[in-house]
2 protein chains.
Amino acid sequence: MQRRGGITLPSPFGRGEGVRVTANAEKTQIMRARLRLRELILSGEFRPGERLAELPLVQRLGASRTPLRLALAALEHEGLLRGLKGGGYVVREFTLADISDAIELRGVLEGTAARFAAERGTPRRELRALRTINDAVHELVHRTDYESFERYVELNERFHADLVELAASPLVNRALEAIVSLPFAGASSALILAEAELPESWEILVIAHRDHQSLIEAIERRQGARAESIAREHARLALANLEVVMRHTDVLARLPGASLLALPRDGVHA
Amino acid sequence: MQRRGGITLPSPFGRGEGVRVTANAEKTQIMRARLRLRELILSGEFRPGERLAELPLVQRLGASRTPLRLALAALEHEGLLRGLKGGGYVVREFTLADISDAIELRGVLEGTAARFAAERGTPRRELRALRTINDAVHELVHRTDYESFERYVELNERFHADLVELAASPLVNRALEAIVSLPFAGASSALILAEAELPESWEILVIAHRDHQSLIEAIERRQGARAESIAREHARLALANLEVVMRHTDVLARLPGASLLALPRDGVHA
DNA sequence: AGCCGGCTGCTTGCATGCAAGCACGCCCTA
DNA sequence: TAGGGCGTGCTTGCATGCAAGCAGCCGGCT
């Protein structure tokens, strides 16, 4: 069909190369199929449990079966798909327990990153960079317009990315990437944006900001245990966040990946 | 070349299905290539940094390029290979820092599993099973013959596997699988067996046994923090283990994956 | 009438041919 | 003699054809 440059860019495992996957992507058919397919899945194009046959996808994505298979395999590793023992893949379903575990685990891993940063000592320069980001956030916390929210989300992501960078541990990095790529666990982007419409919980942002401050302080003073527990508790804000959003099914329904959520029949798991 | 049954059996992400990958494997060319290739890499057939071209491997493994590519991709996700941005893969190298991080991270994750088990409550039945394993270990701790060591290793693996099972958290499970598949992080098998020849450190086994006992007790009494910290410290035994083994380069050289180790020029990192 | 067995179409696994990039080296030129 | 440009071969990315399994159905046999 098309002919394009070779050049792969396989995937995760950030060694030195920061590899924000979204950056260099779109080069190979594999990447294209992978990103587009993920988009389709998260947008609710397929029901959880639905089998993804190759041929329909070939037609839909314009790539041939070979790169498509690679993309499917990648998405399985990512955790969005589940492979059947007889061959083929189905869309995974996520329960509230899954998400809650993911968030907790994210806290554990970010906590470890923070602890490493504290224990191993972090150059003043890096800490200043973190503080700069956080100061910028401070300006935004009390604003309620949508643009400020977008900017907040961006800064927040930068903060977290830089934080795990401080741990200087490729493995922690990798484990975290595997977690935050799951539907609601990379809560930063999706959940917080949703809040733009739900001022009832904006105070969470104030708390988050404070957490970040304390975190920097703890790392600076090389208080590893403190840094770890702050980061853990900080992650749990995402859970609180999720609970707020879950009470507004209209907002929830618009979040990417919402369709993969296994909704409890009635009564939200307290 | 050959014709064989289709039937995939893609891979990780233990949902409910315990999927000891080694069990059902060997069915598809992909799996065959993947396992064989991993074996080759760990046995030191390729130097770290060496590029793995497809065609030579095709010849060597007997599978054609298509399944081989899938296998390579899987091994990249596993962390044994690193993808080049221009395409192709190279064998990864592991520094002592990598391994030490991996072990620490394993402790963090097993600690989380133990905490979950404690916090969420674990049926008496499961605890009894754990205790049974550990009692069997008790018999072996003081024996020094090789068979006892093998049996010990097996029981130890069962214990750890059952423990993470108790957490009932697919995500924790998956994260752990990603860690223990790395060369020296799944310390149980390789390192401990090496010790069979290094009685100077057999007392580590005594400590490990005690850790397991305490762990069970903590979970039973629902002491989450205690369980977590025991599991963490327990993992650090593997580090001590590694240090012992590292002092005996002859034993070290026979361990799978030893060739992937980036040896410090001189002076072991204290 | 019910059950079992073979057939048919669909789906995935696998092999291979082809094209594009890239790196190396050679040759030509200044 | 040194430098640069072009060609050639190697390597990967991609597409597609073919075979084997599996499920569902229909027909025949009991």
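Order of the sequence lines sets the chain letters (A, B, ...), proteins ahead of strands, with each chain counted from 1.
- With respect to the salt-bridge test (charged N to carboxylate O, under 4.0 angstrom), the residues A:R174 and A:E177 do not qualify.
- Atoms CZ (A:R51) and P (D:dC22) sit 11 Å apart, rounded to a whole Å.
- Rounded to an integer number of Å, the gap from NZ of A:K27 to C1' of C:dG21 is 13 Å.
- Under the 6.0 Å distance and 45° angle rule, B:R92 counts as a cation-pi partner of B:F94.
- Atom CD in B:Q59 sits about 15 Å away from atom P in C:dA15, given to the nearest Å.
- With rounding to the nearest 0.5 Å, the separation of CG in B:L171 from OG1 in B:T112 is 12.0 Å.
- A:F116 is linked by a ring pair (Phe, Tyr, Trp, His ring centres under 6.0 Å) to nothing, counting only residues two or more places apart in sequence or in another chain.
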Treat a base pair as Watson-Crick or G-U wobble with both distances under 3.5 Å, then lay out DNA chain D in dot-bracket form, 5' to 3', with | for cross-strand pairs.
||||||||||||||||||||||||||||||

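- In the region residues 65-75 of chain A, proximity to DNA chain C at under 4.0 angstrom, judged on heavy atoms, holds for A:R65, A:R69.
- If you measure from atom CG of B:L55 to atom C1' of C:dC18, you get 14 Å, rounded to the nearest angstrom.
- Atom CD1 in B:I30 sits about 13 Å away from atom P in C:dT12, given to the nearest Å.
- Contact check on A:R60 versus A:E45 returns a salt bridge, with a Lys/Arg side-chain nitrogen under 4.0 Å from an Asp/Glu carboxylate oxygen.
- Interatomic distance, CZ of A:R106 versus CG of A:D101, reported as 14.0 Å (0.5 Å rounding).
- Look at CD on B:E54: it is 6 Å from C1' on D:dT12, rounded to the nearest Å.
- In terms of heavy atoms, A:R47 sits closest to A:V91 at O-CB, 3.7 Å.
- Note on B:R82 versus B:E76: no salt bridge recorded, every NZ/NE/NH1/NH2 to OD/OE distance being 4.0 Å or above.
- Taking atom NZ on B:K85 and atom P on C:dA23, their separation rounds to 9 Å, with Å as the unit.
- Atoms CD (A:Q29) and C1' (C:dA20) sit 13 Å apart, rounded to a whole Å.
- Applying the side chain to side chain contact (heavy atoms under 4.5 Å, CB included) test between A:E110 and each of A:V180, A:L176, A:I179 identifies A:L176 as the sole match.
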